[in-house]
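Remember, it's a predicted structure, so these values are computed and weren't measured experimentally. Each chain gets a letter, A, B and so on, in the order the sequences are listed, and its residues count up from 1.
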Number of protein chains: 2
Amino acid sequence: MLDHCSKPARMTGMAPRTRQSERRRQVLTRERIIETAVELLDAEGEDALTVRALTSRLATGSGAIYWHIGNMSELLEAATDAVVATALDAHPAETAGTPRDDIRAVALGLFDAVTAHPWLAAQLATQFTRNPWGPVTLRIFERIGRPVRALGVPRADWFTTASTLVHYLLGATTQTRQSDDTAPASAADRAAFLDTASSAWQELDPDDYPFIRAIAEQMRDHDDREQFLTGIDLVLTGITTLHPAPAAEPGERLPGPE
Amino acid sequence: MLDHCSKPARMTGMAPRTRQSERRRQVLTRERIIETAVELLDAEGEDALTVRALTSRLATGSGAIYWHIGNMSELLEAATDAVVATALDAHPAETAGTPRDDIRAVALGLFDAVTAHPWLAAQLATQFTRNPWGPVTLRIFERIGRPVRALGVPRADWFTTASTLVHYLLGATTQTRQSDDTAPASAADRAAFLDTASSAWQELDPDDYPFIRAIAEQMRDHDDREQFLTGIDLVLTGITTLHPAPAAEPGERLPGPE
DNA sequence: TCCATGAATGGAACGGTACTCCATGTTGGA
DNA sequence: TCCAACATGGAGTACCGTTCCATTCATGGA
């Protein structure tokens, strides 16, 4: 069975466009569709991304869209990947900081992207479960893996250690609360939401939910971003405790690049 | 605005059924609908859960269904909650083990549930992002919180510490790979999948993905469940390092219950 | 005993979705 | 100049969640 694209849809990520320059102003490209999809998602939320909305914005028909993108899931994956790539590139590769700083930078980049694009959290979660080793995961994994290596983790533990970090990262970013699918979530909204939730928690059954009741107060005035970083530090502490920094390993190269 | 149920749909979780015994054999109840939904999801996958499929299995009409459940999302949330509740109850509350063992038990309970119900991973992820403090999250949080407390973590850090664990937990369980939406994912399938992925990784661009290429081999023969536990241990190590077990704190009660 | 009431039901109909199919337009190379 | 392949726009299909409503049925009051 050939599971390669039997349809002329472009291979994901590759641009087969040899050199046919522009055959016309305003050609419909895969890139332009993805770009429009992101705009639509940002402006009007997840439910607004429909084929009809795209045809309208791009002044074309559904056939033209499908000639470029295969199906809706693929478009969503591409949009997610594009936004994640931008977020990760915001903090370049190795910016002279310590590995810890580097990991924190990646984490905050993702966190801020989720905040800036309310639809991203749900999409990250979906991509991650539906296609655990798709381009999005791979990108994040690679970006997290390098500082993990630089941290001095022994080679045999690279995969497991990086996985743990990525799992925490995605778990934490995908829970980051957006007041609504469209709307930048004002501080007031957030405070009101936390207040309501906290109060509701304090009225839970003490037998069923003693712990939740006990932390209701802490939850009311916690800061998502701060807590996110604390979690990262906790995981990093676990890593450096299990794998103390090698002062100078005899057989192994130093933790620098390569 | 009254956002209470203006429709006669039952309050979530509550059973208002006073004592009208059975008015007929085979009444249609919210519970029976949820149960059927889980069966449908288990047997035929996520896409098979449609109102029409439900009406067919339950030999009824869509109106009857909607009289009980409000809408499709609510049904999915209820189904998820039901399965998670069962999974968490499998390993009872405090079974005399150490807090670490208790946390591991909860984690494995979730892990196994995701394996047994291929649709669960995606639903957990969705519930978690769409409704971060819904019943599902609350349940897991409570169940994780108690051993965290027993671990000797200072009260001020309960919320943050439990959050970190839950975030890792959900990140890890939601990535757990299912070969397909329906099918228990045989060991052979899994091996083949890992093999394919590992090979694909080794052919990535060395400039773009050096780390991924370096761990491709480890990924080929890793064990999801084992790695999952290793991650838990890593986080637990972070917790106990940051909060060393209190031999005997003066002002604070001992870490036992309450 | 009978009936009026309202909870509960089954199904037709509505508006929307992703996606397919195809007749047509456009373009670069021979 | 012509043609084959690329590219397009829109009509049509099948299915979805949800609403609406006429009908059934158990039950409490007369």
Measure all distances between protein nitrogen or oxygen atoms and nitrogen or oxygen atoms of nucleotides 14-16 of chain D, and list the pairs falling under 3.5 Å.
none

**Message:** To the nearest 0.5 Å, what is the distance between CD1 on B:Ile34 and CD on B:Glu77?
**Reply:** 10.0 Å

**Message:** Please confirm whether the shortest side-chain N or O distance from B:His68 to OP1 or OP2 of C:dA7 is below 4.0 Å.
**Reply:** no

**Message:** Taking donor-acceptor contacts at under 3.5 Å, does the side chain of B:Ser62 reach the base of C:dA13?
**Reply:** no

**Request:** On DNA chain C, check which nucleotide each of A:Ser73 and B:Gly63 is closest to and give me the residue with the more 5' one.
**Result:** B:Gly63

**Asked** Do side-chain atoms of A:His68 reach the backbone of A:Leu28 as a donor and acceptor pair under 3.5 angstrom?
**Response** yes

**Item:** Minimum-distance nucleotide (side-chain atoms of B:Asn71 versus D:dT8, C:dC19, D:dT18)
**Value:** D:dT18

**Asked** Atom CD of A:Glu46 to atom P of C:dA18: distance rounded to whole Å?
**Response** 12 Å

**Asked** Roughly, in whole Å, what's the span from CG in B:Leu76 to P in D:dT18?
**Response** 10 Å

**Message:** Whole angstroms only, please: what is the CZ-P distance between B:Arg32 and C:dA8?
**Reply:** 14 Å

**Residue B:Leu28, side-chain heavy atoms: nucleotide from C:dT9, D:dA7, D:dG17 that is nearest** = C:dT9

**Fill in**
From CG of B:Leu75 across to P of D:dT18 the rounded distance in Å is 10 Å

**Asked** Hey, does the side chain of B:Gln218 reach the backbone of A:Phe159 with a donor-acceptor pair shorter than 3.5 angstrom?
**Response** yes

**Message:** From CD1 of B:Ile33 over to P of D:dG17, roughly how many Å is that when rounded to an integer?
**Reply:** 14 Å

**Message:** Any base atoms under 4.0 Å from A:Ala59, or only sugar-phosphate, or nothing? Heavy atoms, all strands.
**Reply:** sugar-phosphate

**Fill in**
Per side chain to side chain contact (heavy atoms under 4.5 Å, CB included), B:Ile144 is matched among B:Val106, B:Leu88, B:Thr164 by B:Val106

**From CA spacing to verdict: salt bridge (charged side-chain N to carboxylate O under 4.0 Å, His left out), B:Asp224, B:Arg190** = CA-CA 10 Å; B:Asp224 265 352; B:Arg190 218 191 78 92; 3.6 Å; yes

**Prompt:** What are the two closest non-hydrogen atoms of B:Leu204 and B:Arg213, and how far apart are they?
**Reply:** O-NH1, 2.9 Å

**Request:** Answer yes or no: is there an ion pair linking B:Glu35 with B:Arg30, defined by an N-O contact shorter than 4.0 Å?
**Result:** no

**Request:** Rounded to the nearest angstrom, tell me the gap between atom CH2 in A:Trp67 and atom P in C:dC19.
**Result:** 18 Å

**Request:** Could you check how far CD1 of A:Ile69 sits from P of C:dC19, rounded to whole Å?
**Result:** 8 Å

**Request:** Return the nearest nucleotide to the side chain of B:Met72; candidates are C:dA7, D:dT18, C:dT20.
**Result:** D:dT18

